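Have a look at the structure below before the remarks.
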Amino acid sequence: MNYLKEELYAKIKSDDKVFDFLQNSSLDGLYYRDLENPEREWRNEQFWRTLGYEAAELSDRKATLREMINRKDLAAAARRLEQHLADPAVPYDQVIRYRHQKGHTVYLRCRGLAIRNEEGKATRLLGTHVNVTNEKEKAVLLERSQEAARIGTWSVDLVTERVEWDKMTRAIHQVPKDFQPSITMGLDFYKEGSSRETIARLLDRAMTTGEGFDTELQLITATDREIWVRAIGRSDFSGGKCTRVFGIFQDIDVRRRNEERMLNYSILEAKSKEMEQFSYIASHDLREPLLTIKGYLNVIREDFAEALPTEVLGYMDTITGAADRMDTLMKGLLDYSRLSEIKQLQEVNLEDLLGEVIVDLTSAAKGIDISYDYENLPSVAGYPLELKVLLQNLIGNAIKYRRISEPLRIKVTCEDLQEGWRISVHDNGIGIAEKNLKKIFKLFCQLHQKGLYDGSGIGLANCKKIVELHGGRIWAESTLGEGSVFRLTIQTRVELEGKRKAM
Ligand code: ADP
């Protein structure tokens with residue numbers, strides 16, 4: 001034996017101070033238990049200090065100690081100790097949670113060694129404690145953060161060919177906790193085509209050149225879900241040979257899908273801006289030559305009517321009718337394209353506005369038997385002109401598409417929902433077939449035969465745009481031959497202003 005080792009062992013035996021120094025400087029607790037009288041044991045003061053107690057504070061330590069140990073850990077430790085006492089080859093080495101005197105948890109790594117008599121029976125237990133709270137807390141924090149960010153780890157040992165996935169990586173792949181992947185199995189989870197080819201190429205490069213990677217790919221999970229993941233990889237080399245590739249694996253599906261949605265949204269927005277510009281130019285610029293045509297038709301009729309044969313005059317009436325229809329369409333388009341101009345939000349009382357609309361429309365609908373029913377409509381933050389156009393279109397349509405056989409009943413109701421107000425305009429008119437309920441909000445959609453009703457097919461497209469401008473949505477419910485309900489939502493003031501600012 002090394003003479004210094006020999007000397008140290010002798011010193012430990014002869015001088016208590018040496019042993020005390022060792023236990024106090026390297027351990028956070030030490031005990032020695034008489035297994036034949038298990039209630040008898042000696043614990044050093046350092047152990048109690050680790051748990052926040054002064055030696056003098058504990059008169060009945062044994063009872064208090066059991067209460068300090070986490071119940072689950074106590075049961076697991078008892079089982080493990082049992083095994084160690086029966087078989088010296090099974091080590092006793094457990095991390096046990098204790099309650100500190102101040103209430104927080106202290107993680108102690110407890111190791112024990114059974115001391116046996118000549119027959120091999122364990123008669124004493126020597127135990128040591130090391131405080132691993134810091135490490136444990138860091139590990140728990142790391143695990144929680146990884147869980148929140150859905151980050152897992154993976155590694156492939158190229159020497160043993162063993163593939164390791166942690167809990168989160170397994171969860172992302174949606175495989176059971178005891179799933180043991182192989183290298184090819186891991187690759188097969190990537191979506192066939194560019195994702196699988198990319199990861200195979202990047203892994204190959206990491207293993208041959210040592211170049212790391214950080215890429216976003218598509219994965220098909222064990223339950224057939226297609227998700228986006230971020231795979232980061234690095235490699236270890238030894239003696240010029242790659243021994244390990246490892247890295248991080250993150251579920252980024254929610255972020256990727258939001259990005260895609262945003263991208264689609266901006267493409268759509270750009271397209272709709274383009275469309276608006278086109279409609280504006282078409283309707284504005286084309287109206288001018290149309291007005292010229294109409295003007296000259298009038299001049300011809302006024303100045304040369306007598307000189308023209310009746311047949312030609314008939315043709316001219318047809319031309320004038322067509323030009324008028326075209327003019328209505330263009331005016332409608334022009335209004336539609338102007339709707340998205342940003343204006344100032346104002347407080348608009350829908351009940352007052354509806355009152356005005358009803359007065360205007362009823363005077364134009366003389367002789368029609370109409371009854372209106374509405375009350376308690378709210379004030380909203382909105383664009384007054386647009387909201388008036390909205391109500392004009394909805395009430396105007398209810399009047400236009402009434403049943404001749406029935407007195408017309410129009411009812412406007414309002415409900416306070418979580419997403420804001422829900423306004424419904426009910427009529428008992430001709431109704432709309434189920435298959436057309438979505439179509440009617442498209443530009444130029446008219447369900448009836450040409451010439452049967454006046455109109456341009458722009459009114460409801462305008463309504464949709466106006467409602468969306470107010471952060472809401474519009475839809476129709478109907479029973480053919482019985483009547484329709486047009487429902488729309490309008491957000492409350494605060495949300496609406498927030499939304500406008502964000503645009
Ligand atoms: P239009 O100028 O033709 O009225 P709209 O865009 O206002 O255009 O409406 C589109 C189509 O939806 C109408 O042509 C009509 O067929 C149908 N429609 C709209 N409102 C009603 C209603 N209240 N009852 C039955 N059909 C309706």
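Counting convention: from 1, in listed order, for ligands and their atoms alike. Owing to the predicted nature of the structure, the values given are computational and were not obtained by experimental measurement.
- Of the protein's heavy atoms, Q446 NE2, 2.9 Å lies nearest to atom 3 (O) of ligand 1.
- Heavy atoms of D427 come nearer than 4.0 angstrom to ligand 1 in at least one pair.
- Taking the six-membered ring where the residue is Trp, F179 and F189 present perpendicular rings, their angle passing 60° and hence far from 30°.
- Proximity to S484 (heavy-atom distance under 4.0 Å) selects the following atoms of ligand 1: 24 (N).
- A salt bridge is absent between D166 and R170: the closest approach of a Lys/Arg side-chain nitrogen to an acidic carboxylate oxygen does not fall below 4.0 angstrom.
- Not one N or O of I432 is nearer than 3.5 Å to an N or O of ligand 1, by distance alone.
- Counting atoms of ligand 1 from 1 in the listed order, those under 4.0 Å from a heavy atom of K400 are 1 (P), 2 (O), 4 (O).
- Using a 4.0 Å cutoff on heavy atoms, S456 counts as a contact of ligand 1.
- With F486, F441, Y401 as candidates, the residue nearest to atom 1 (P) of ligand 1 on a non-hydrogen basis is Y401.
- The 12-atom threshold is exceeded at CZ of F444, counting heavy atoms of other residues, nucleotides or ligands nearer than 6.0 Å.
- The nearest heavy-atom contact from the protein to atom 10 (C) of ligand 1 is C445 O, 3.2 Å.
- Side-chain atoms of R422 and T489 include no donor-acceptor pair closer than 3.5 Å.
- Close approach of ligand 1 to G431 is summarised as follows: ligand atoms under 4.0 Å from at least one heavy atom of the residue are 25 (C).
- Ion pairing between a basic and an acidic side chain is recognised when a charged N comes within 4.0 Å of a carboxylate O; D317 and R301 show such pairing.
- Shown in contact with L447 at under 4.0 Å from a heavy atom are these atoms of ligand 1, numbered in order with element: 14 (O), 16 (O).
- Ion pairing of K411 with D427 is absent here, as no side-chain N (NZ or NE/NH1/NH2) approaches a carboxylate O to less than 4.0 Å.
- Between F441 and F486, the two ring planes are perpendicular [angle over 60°; tilted spans 30° to 60°].
- Backbone and side-chain nitrogen or oxygen atoms of G459 are examined, and one is located within less than 3.5 angstrom of a nitrogen or oxygen of ligand 1.
- Note on E216 versus R256: salt bridge recorded, some NZ/NE/NH1/NH2 to OD/OE distance being below 4.0 Å.
- In this structure, E259 places its CD atom where more than 12 heavy-atom neighbours from other residues, nucleotides or ligands lie under 6.0 Å away.
- Considering only non-hydrogen protein atoms, atom 12 (O) of ligand 1 sits nearest to I440 CG2, 3.2 Å.
- The protein non-hydrogen atom at the shortest distance from atom 6 (O) of ligand 1 is L460 N, 2.7 Å.
- Residue G457 has at least one N or O atom closer than 3.5 Å to an N or O atom of ligand 1.
- Between D157 and R244 no salt bridge is recorded (no basic side-chain N to carboxylate O distance below 4.0 Å).
- Distances below 4.0 Å separate heavy atoms of G455 from the following atoms of ligand 1: 2 (O).
- When the options I430, N397, L480 are ranked by their closest heavy atom to atom 7 (O) of ligand 1, first place goes to N397.
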